[in-house]
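In what follows, a single structure is set out as structure tokens and then discussed.
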Amino acid sequence: MNYPYYSGVAVPVFSLRSEEGCGIGEFPDLKKLADWCVITGMRLIQILPVNDTTTDGGWSDSYPYKSISTKTLHPIYLNLEKVGTLRDESDRLRFRELKKELNAKEFVDYPAVFATKMWYLKKVYAHRRGKKQGFYEFLQEHCDRQLTEAVDYLRGRGIMLKGDLPIGVSRDSDDVRKEPHLFNLDMETGAPPDGFAPQGQNWGFPTYNWAAMEAEDFQWWKGRVEWLKKYFDALRIDHILGFFRIWEIPKGSPDASYGHYSPENPRLWEIEGRKRLQTIFDLANHTSFRLERSGTEKSHASDGLLICGEDLGMVAPCVPGVMRELGILSLEVQRMPKQSGRQFSDPRENPYLSVDTTGTHDMPTIRGWWEQDRALSARFYRELLHHTDNAPYFCEPYICKEIIEQHLNSSSQWVIIPIQDYIAMDGDFRWDATWEEQINEPAKPNHKWKYRMHQSIESLLNNEKLTMELKNMIKTTNRAT
């Protein structure tokens, strides 16, 4: 049987740069990125969560996994001119100056962008006639309108949009306020100590009261998934291990090393994980393929929703089997091999039902990784790229191309590469500030999520050299549409 193979690009909405932007990516920018995907032969755009995270408009709100509601969108992604125009000439002049200043910045100045957008939106809202909705409802109406318009455009061009389902929600969220019995408010969610974070990670979210959720037939989860289906054709389940067992930390602990697994009995992990995933996502106990609305064959999923799991890290032995059984695609990262005793995996050995990638938002880019441990990158240069000379000091464009080509030849159904790594193939186009391209550093709890593409989407569309090179690579590796 000849299985289909596809490719895509991963980039947060906030990282998109457009020439007419306001210092941050916006929902309409997805259309231009989709145009680039069509030219190259890609079929999917993967983004980070776009739920509202607003508490005080400060840097802590830049954390996209800290949603204050599982069923609202973030107004910071609104294109302001599409919402309405400012009436006062002095306001229009001020906005033009602010917009120019914000859009010239190399990074997303989250507090400044948020303040500017709220000022503008409140001005527009104040001049509406016959207001029948509150300000927040007004914002959500336009968020839904702009994202829906972008999604319709993508689907019309055969491009899938892959969303991200965070494992947790903010302690201050509307969800916790309305249904506190579904959460363990004396506990916090995180990850045990590992190579990324020696003291573990504390994400600050309350853990779930799974018994209470199951008693209500997981309606809270089902409603959450149903809402996501409006916008997404595929979902990445963040930290899918959390459905089997979660690292639970007593609230107020000095660090995450004071935590424990819940449930504590490993014999329950497989039983609970299978039951929760199968019920919440309405997954059958088999894998099948069928043509969906965007013209792409997908593995079996909930009402046409392609389900993928982020199964990296300290994976319980039962997880891979349950994922295969339910047709959930695994995540394969070459520098995080799942085979013990190996430093790198071979993408050609990946399971078909998987997503292959060069890295995630929690890791350095290809170039950053190359510079991080030169002995390791030199070994990779010899053993995986099969070069006999000395490895270059920096990850040169030809090396980036060889690595991406290796991934495109993967046996995974999907290869979804961060946009930074695609761009790294062009030495004249890529950004010199390698370490500014890493989106998140998990070991830093107060990390500012501010990565912004150095290049505009318009310049990416106009870069015929890179676009055609990538198009040929995708075609040659049989991942073209």
Measure the spacing between OG of Ser330 and CG of Asn350 and express it to the nearest 0.5 Å.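 Taking OG in Ser330 and CG in Asn350, the distance rounds to 7.5 Å.
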Are [X] and [Y] an aromatic pair by the rule of ring centers under 6.0 Å?
X: Phe95; Y: Tyr120; answer: yes
X: His361; Y: Tyr65; answer: yes
X: Trp227; Y: Tyr231; answer: yes
X: Tyr208; Y: Trp221; answer: yes

Consider only side-chain N and O atoms of [X] and [Y], and report whether a donor and an acceptor are under 3.5 Å apart.
X: Asn446; Y: Tyr63; answer: no
X: Tyr153; Y: Asp35; answer: yes
X: Thr467; Y: Trp36; answer: yes

Are the side chain of Thr148 and the backbone N or O of Arg145 linked by a donor-acceptor pair below 3.5 Å?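 Not a single qualifying donor-acceptor pair exists.
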Partners passing side-chain hydrogen bond (donor to acceptor under 3.5 Å, both in side chains) against [X] (at least two apart in sequence or in another chain):
X: Trp220; answer: Asp175
X: Asn103; answer: Arg452
X: Arg94; answer: none
X: Ser345; answer: none

Residues Lys82, Glu26; criterion salt bridge (charged side-chain N to carboxylate O under 4.0 Å, His left out); working and verdict: CA-CA 11 Å; Lys82 287 181 176 291; Glu26 299 170 345; over 6 Å; no
Within a 6.0 Å radius of atom CD on Glu137, are there more than 12 heavy atoms belonging to other residues, nucleotides or ligands?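 Correct, the count exceeds 12.
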Determine whether more than 12 heavy atoms belonging to other residues, nucleotides or ligands lie under 6.0 Å from atom CD of Glu20.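 Atom CD in Glu20 is not packed in, count stays at 12 or less.
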Residue of the set Ile417, Thr365, Ile416, Val333 for which side-chain contact (heavy atoms from CB on, under 4.5 Å) holds with Thr358: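 Exactly one pass, corresponding to Ile417.
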What pairs with Phe344 under ring pair (Phe, Tyr, Trp, His ring centres under 6.0 Å), at least two apart in sequence or on another chain?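 Ring pair (Phe, Tyr, Trp, His ring centres under 6.0 Å) check on Phe344 returns Phe380.
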Which pairs count as salt bridge (Lys or Arg N to Asp or Glu O under 4.0 Å) when at least one residue sits in residues 53-63, sequence neighbours excluded?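 Passing the test, one end in residues 53-63: Asp61-Lys66.
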Side-chain touch Leu30/Ile47, heavy atoms, less than 4.5 angstrom: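 Answer yes - side chains close enough.
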